[in-house]
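Computed from heavy atoms alone, side chains included, the values below leave out hydrogens, waters and symmetry copies.
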Amino acid sequence: MAENKINLTKSDRFKAFLRSYFLLSSFNYERMQNGGFVYTLIPAIKKLYPSKEDRAAALKRHLEFFNTQPFMANPIFGVTLALEEERANGANIDDAAISGVKIGMMGPLAGAGDPLFWFTLRPIFLSLGASLAISGNILGPIVFFVLWNAMVAAVKWYSQEFGYKAGTAITDDLSGNLLQQVTRGASMMGMFVIGALIQRWVSITFTPVVSTVKQQEGAYIDWEKLPAGADGLKEAFTQFASGRSLDVNKVTTLQDNLNQLVPGLAALALTFLCMYLLKRKVSPIVIILGIFVLAIVLHLIHLL
């Protein structure tokens with residue numbers, strides 16, 4: 001059995017590294033980067049699984065939803081390659097284990113990748129290139145292009161190798177349930193990140209007015225008593241900064257009351273509804289279109 005073991009060489013892993021640059025080449029709004037993920041694994045899958053049926057099954061299990069920061073996807077490729085390698089050699093690794101590790105890793109890596117690359121490293125390299133370009137040096141854009149792509153390539157390759165070695169270590173301890181522990185931990189981390197992002201990315205505002213109360217004098221800005229011109233604007237800003245309202249009437253909406261009870265309750269309920277529908281095998285496209293239609297209808301009846 002050991003003599004016939006199929007191993008992914010560094011050359012095989014380098015092919016996956018090169019193909020990972022095309023992760024977004026078939027991006028779609030139903031399963032996001034799944035097509036690019038499968039494309040990256042094709043050479044390895046062909047080597048690991050000689051039969052057509054096994055290849056088809058391997059590619060099919062990676063056609064599920066996948067989405068993360070493109071430059072941070074390579075650790076997931078590395079772990080997936082290691083798991084597929086061990087599975088092809090007879091290890092007891094099922095589809096759920098591979099899927100759980102992928103899902104658990106893609107959320108945290110996406111959350112770390114955007115601030116690291118787009119908000120930190122890219123501005124640094126752009127500033128370096130711009131400082132040269134602004135003085136008329138043609139090396140400005142060249143320096144940025146070379147440094148940026150060299151850094152991205154290094155991160156992608158070495159993080160993929162790290163993921164591959166980590167995945168091999170996981171499968172070496174199957175008897176100790178390490179894979180199950182990592183799968184469970186990764187899934188919990190993924191759910192934690194998703195839960196933390198609900199309040200930030202899902203916004204629902206109910207507009208019906210619950211009450212309109214006239215405020216006491218001194219609680220609002222009396223625009224008629226303000227001096228004309230710039231002095232009036234200055235006085236208005238000063239009063240607003242001190243806590244005065246812009247209008248004589250204090251309007252309380254349904255959303256204001258909900259925020260006092262449980263902020264983000266509607267967003268959380270919508271997220272749970274989408275999760276329930278996905279569990280019931282409802283197509284993500286149907287869910288997206290349904291949310292669009294529901295939002296338009298609720299807006300037309302002045303509920304949102």
If you measure from [atom1] on [X] to [atom2] on [Y], what distance do you get to the nearest 0.5 Å?
| X | Y | atom1 | atom2 | result |
| --- | --- | --- | --- | --- |
| Tyr39 | Ser26 | OH | OG | 10.5 Å |
| Glu85 | Ile45 | CD | CD1 | 11.0 Å |
| Lys46 | Lys15 | NZ | NZ | 10.0 Å |
| Leu41 | Leu48 | CG | CG | 9.5 Å |

*Main-chain N/O of Ser99 paired to Arg61 side chain as donor or acceptor, under 3.5 Å*: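 A pair under 3.5 Å: no.
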Search all heavy atoms of [X] against all heavy atoms of [Y] and return the closest pair with its distance.
| X | Y | value |
| --- | --- | --- |
| Leu81 | Ala16 | CD1-CB, 4.0 Å |
| Asn7 | Lys47 | O-NZ, 3.1 Å |
| Leu298 | Ile301 | O-CG1, 3.3 Å |
| Phe71 | Gln69 | N-OE1, 2.7 Å |

_Trace of the salt bridge (charged side-chain N to carboxylate O under 4.0 Å, His left out) decision for Asp54 with Arg87_ = CA-CA 11 Å; Asp54 289 340; Arg87 174 169 174 156; over 6 Å; no
*Check the pair Leu304 / Thr205 against side chain to side chain contact (heavy atoms under 4.5 Å, CB included), numbers first and verdict last.*
CA-CA 6 Å; Leu304 292 179; Thr205 303; 5.9 Å; no
*Identify, with sequence neighbours excluded, every residue that meets salt bridge (charged side-chain N to carboxylate O under 4.0 Å, His left out) alongside Arg19.*
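Partners of Arg19 by the salt bridge (charged side-chain N to carboxylate O under 4.0 Å, His left out) criterion come out as none, since no residue qualifies.
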Would [X] and [Y] count as having a side-chain donor-acceptor pair, cut-off 3.5 Å?
| X | Y | value |
| --- | --- | --- |
| Thr207 | Gln255 | no |
| Asn67 | Asn34 | no |
| Ser20 | Asn74 | yes |

*Could you point out which residue of Thr40, Leu23, Val38, Asn28 forms a side chain to side chain contact (heavy atoms under 4.5 Å, CB included) with Gln33?*
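It is Leu23, the one option of Thr40, Leu23, Val38, Asn28 that forms the side chain to side chain contact (heavy atoms under 4.5 Å, CB included) with Gln33.
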Taking [Y] as the starting point, is it possible to reach [X] by hopping between hydrophobic residues whose side chains are less than 4.5 Å apart?
| X | Y | result |
| --- | --- | --- |
| Phe162 | Met106 | no |
| Leu270 | Leu303 | yes |
| Phe27 | Phe66 | yes |
| Val152 | Trp118 | yes |
| Phe206 | Leu294 | yes |

*Full working for side chain to side chain contact (heavy atoms under 4.5 Å, CB included) between Val155 and Phe117*: CA-CA 11 Å; Val155 170; Phe117 286 97; 3.7 Å; yes
*Please tell me if the side chains of Asp12 and Pro43 come closer than 4.5 Å, counting only heavy atoms from C-beta onward.*
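No, too far: nothing below the 4.5 Å cut-off.
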*Side chains of Pro75 and Met105: does their closest heavy-atom pair fall under 4.5 Å?*
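A side-chain contact exists here, since the closest heavy-atom pair is under 4.5 Å.
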*Is the cationic atom of Lys102 (NZ for Lys, CZ for Arg) positioned less than 6.0 Å from the six-membered ring centroid of Phe65 and within 45 degrees of its normal?*
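Relative to the ring axis of Phe65, which defines the angle, Lys102 lies outside at least one limit.
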*Please determine if Arg13 forms a cation-pi arrangement with Tyr164, meaning its NZ or CZ atom is less than 6.0 Å from the six-membered ring centre and no more than 45° off the ring axis.*
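Yes - Arg13 lies over the ring of Tyr164, closer than 6.0 Å to its centre and within 45° of its axis.
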Side chains of residues 126-148: which donor-acceptor pairs under 3.5 Å do they make with residues two or more places apart or in other chains?
{"residue": "Ser127", "atom": "OG", "partner": "Pro123", "partner atom": "O", "Å": "2.7"}
{"residue": "Ser131", "atom": "OG", "partner": "Ser127", "partner atom": "O", "Å": "3.3"}
{"residue": "Ser131", "atom": "OG", "partner": "Leu128", "partner atom": "O", "Å": "2.6"}
{"residue": "Ser135", "atom": "OG", "partner": "Leu132", "partner atom": "O", "Å": "2.7"}
{"residue": "Asn137", "atom": "OD1", "partner": "Leu139", "partner atom": "N", "Å": "2.9"}

*Report the C-alpha distance between Ser159 and Met72 in whole Å, list the side-chain angles of each, state the deciding distance to 0.1 Å, and finish with yes or no for side chain to side chain contact (heavy atoms under 4.5 Å, CB included).*
CA-CA 8 Å; Ser159 64; Met72 298 296 286; over 6 Å; no
*From Phe14, Phe17, Tyr21, Phe37, residue fulfilling ring-ring contact (aromatic ring centres under 6.0 Å, His included) relative to Phe77*: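 That would be Phe37; it is the only one of Phe14, Phe17, Tyr21, Phe37 passing the ring-ring contact (aromatic ring centres under 6.0 Å, His included) with Phe77.
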Which donor-acceptor pairs under 3.5 Å do the side chains of residues 278-293 make with protein atoms, sequence neighbours left out?
{"residue": "Ser283", "atom": "OG", "partner": "Glu30", "partner atom": "OE2", "Å": "3.4"}
{"residue": "Ser283", "atom": "OG", "partner": "Ile285", "partner atom": "N", "Å": "3.3"}

*asked:* Pair Thr80, His62 - check side chain to side chain contact (heavy atoms under 4.5 Å, CB included), show working.
replied: CA-CA 10 Å; Thr80 303; His62 292 296; 3.3 Å; yes
